Amino acid sequence: MQGKKIGIIGSGSWATAMIKMLCENDQDKHIFWWIRKEEDAEYIQQFKHNPTYLSGVSVDLSITTIDTNAKNVVVNSDIVILNTPAAYLKDALRGVTKEDFKDKIVVSAIKGIIPKDNLIIGEFLEQHYAVDIERICVVGGPCHAEEVALGKLSYLTFGCKNLDSAALVASFLSSRVIKTILSEDILELNLERY
């Protein structure tokens, strides 16, 4: 397997839109996609699209491995994109350890804060998984899943204290219709998502 290994944790409309972006980007990569429900994972394996969200988006299974085990996705990835509702992130990461996140770039494509913890995603990753702030990237808009699915021109901002990490992540999600902007201000990106 050549190129970067990119994991997506989430199976909703925004995660599916990001799968489309990754599949349409021509860089060498392999995608590991965590799907919560076994029946949805089986459906995607058979029919190459998400049965519940953005069903018009095709999944390139030659470069995508579908998995219902989030730990497998995290362990096998160089870049991990977290793309679940904030309220379900802890449940999605059940069984994943600090060691599993070691030396990975972790991307938050999540709106909101972790309930009860009252933490934005970056703070949660630092406190619970010891992810270094230099390796946490935040994705902001303006961009909507439905517009991505329709191939409309969209813009994404990638914020990270380490601009090289932001640029690397952005390079895998950019295309002729997805334009990317880099920022060092991850707090601003977190706050504008509310």
Side-chain angles (χ1 to χ4, degrees), residues 3-25 27 29-35 63-65 67 70-86 88-90 92-93 96 98 100-114 119-145 148 154-175 178-193:
K4 286 286 181 195
K5 295 175 282 184
I6 302 171
I8 296 255
I9 301 292
S11 53
S13 58
W14 189 222
T16 304
M18 288 193 129
I19 289 292
K20 175 182 169 66
M21 292 180 223
L22 288 166
C23 285
E24 290 182 351
N25 178 285
Q27 285 196 79
K29 71 191 143 311
H30 192 84
I31 305 161
F32 295 88
W33 189 11
W34 175 78
I35 303 292
I63 61 166
T64 307
T65 299
D67 202 318
K71 185 178 180 78
N72 290 343
V73 171
V74 173
V75 167
N76 285 307
S77 300
D78 304 307
I79 299 169
V80 179
I81 301 173
L82 303 175
N83 203 327
T84 67
Y88 302 120
L89 182 61
K90 281 179 156 180
L93 295 178
V96 179
K98 290 178 184 179
D100 297 333
F101 275 114
K102 189 173 171 139
D103 298 327
K104 303 193 187 285
I105 296 173
V106 184
V107 182
S108 170
I110 298 174
K111 293 180 183 178
I113 60 173
I114 303 294
L119 298 172
I120 58 175
I121 306 307
E123 293 170 330
F124 173 77
L125 291 170
E126 281 186 289
Q127 291 182 24
H128 293 271
Y129 291 99
V131 179
D132 188 290
I133 191 70
E134 297 277 324
R135 302 188 74 80
I136 297 172
C137 185
V138 177
V139 181
C143 193
H144 297 282
V148 171
S154 299
Y155 294 86
L156 289 174
T157 302
F158 294 85
C160 186
K161 293 288 183 191
N162 181 332
L163 280 180
D164 290 339
S165 293
L168 178 64
V169 174
S171 74
F172 284 100
L173 291 160
S174 65
S175 70
I178 305 294
K179 305 303 177 192
T180 59
I181 302 159
L182 305 181
S183 171
E184 291 179 302
D185 194 343
I186 63 172
L187 183 58
E188 181 182 323
L189 273 173
N190 270 297
L191 295 176
E192 79 177 24
R193 296 174 67 85

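Predicted model only: the values in this text are computed from it and were never measured.
Summarising the geometry of Val96 relative to Ala70, their closest heavy-atom pair is CG2-C, 4.1 Å, with the distance given to 0.1 Å. Across all their heavy atoms, Asn25 and Leu173 have their closest contact at ND2-N, 4.0 Å. Minimum heavy-atom separation, Cys23 to Ile31: SG-CD1, 4.0 Å. Residue Ala17 comes nearest to Val148 through the heavy atom pair O-CG1, 3.7 Å, listed as atom of the first residue, atom of the second, then distance. Annotation for Thr180 and Ser174: closest pair CG2-CB, 3.8 Å, computed over non-hydrogen atoms. Nearest heavy atom pair, residue Asp164 against residue Asn162, reads N-OD1, 2.9 Å.
With hydrogens and angles disregarded, no donor-acceptor distance shorter than 3.5 Å links the side chain of Ser11 to the backbone of Ile35. At distances below 3.5 Å, not a single donor-acceptor pair connects side-chain atoms of Arg135 with backbone N or O atoms of Val106. Glu24 contributes no side-chain N or O that, together with a main-chain N or O of Met21, makes up a donor-acceptor pair within less than 3.5 Å. The closest donor-acceptor contact from the side chain of Ser175 to the backbone of Ile178 lies under 3.5 Å. His30 places no side-chain N or O within donor-acceptor distance of the main-chain N or O of Lys5, the cut-off being under 3.5 Å.
Between Trp33 and Ile9 the shortest side-chain heavy-atom distance does not fall below 4.5 Å. Using a 4.5 Å heavy-atom cutoff, the side chains of Val74 and Phe101 are in contact.
With rounding to the nearest 0.5 angstrom, the OG1 atom of Thr84 is 12.5 Å from the NZ atom of Lys90. The CD1 atom of Ile79 sits 10.5 Å away from the NZ atom of Lys29 when rounded to the nearest 0.5 Å. Taking CD1 of Ile8 as the start and CD1 of Ile81 as the end, the distance is 4.0 Å to the nearest 0.5 Å. Considering CG of Asp132 and NZ of Lys104, their distance stands at 15.0 Å, rounded to 0.5 Å. Atom-to-atom distance recorded for Ile19:CD1 and Trp14:CH2 is 12.0 Å, nearest 0.5 angstrom. Distance check, rounded to the nearest 0.5 Å: NZ of Lys98 to OH of Tyr129 gives 10.0 Å.
Side-chain contact annotation: Ser171 with Gln27, donor-acceptor N/O pair under 3.5 Å present.
Residues Asp100 and Lys71 are paired through a salt bridge, judged by an N-O separation under 4.0 Å between the basic side chain and the carboxylate.
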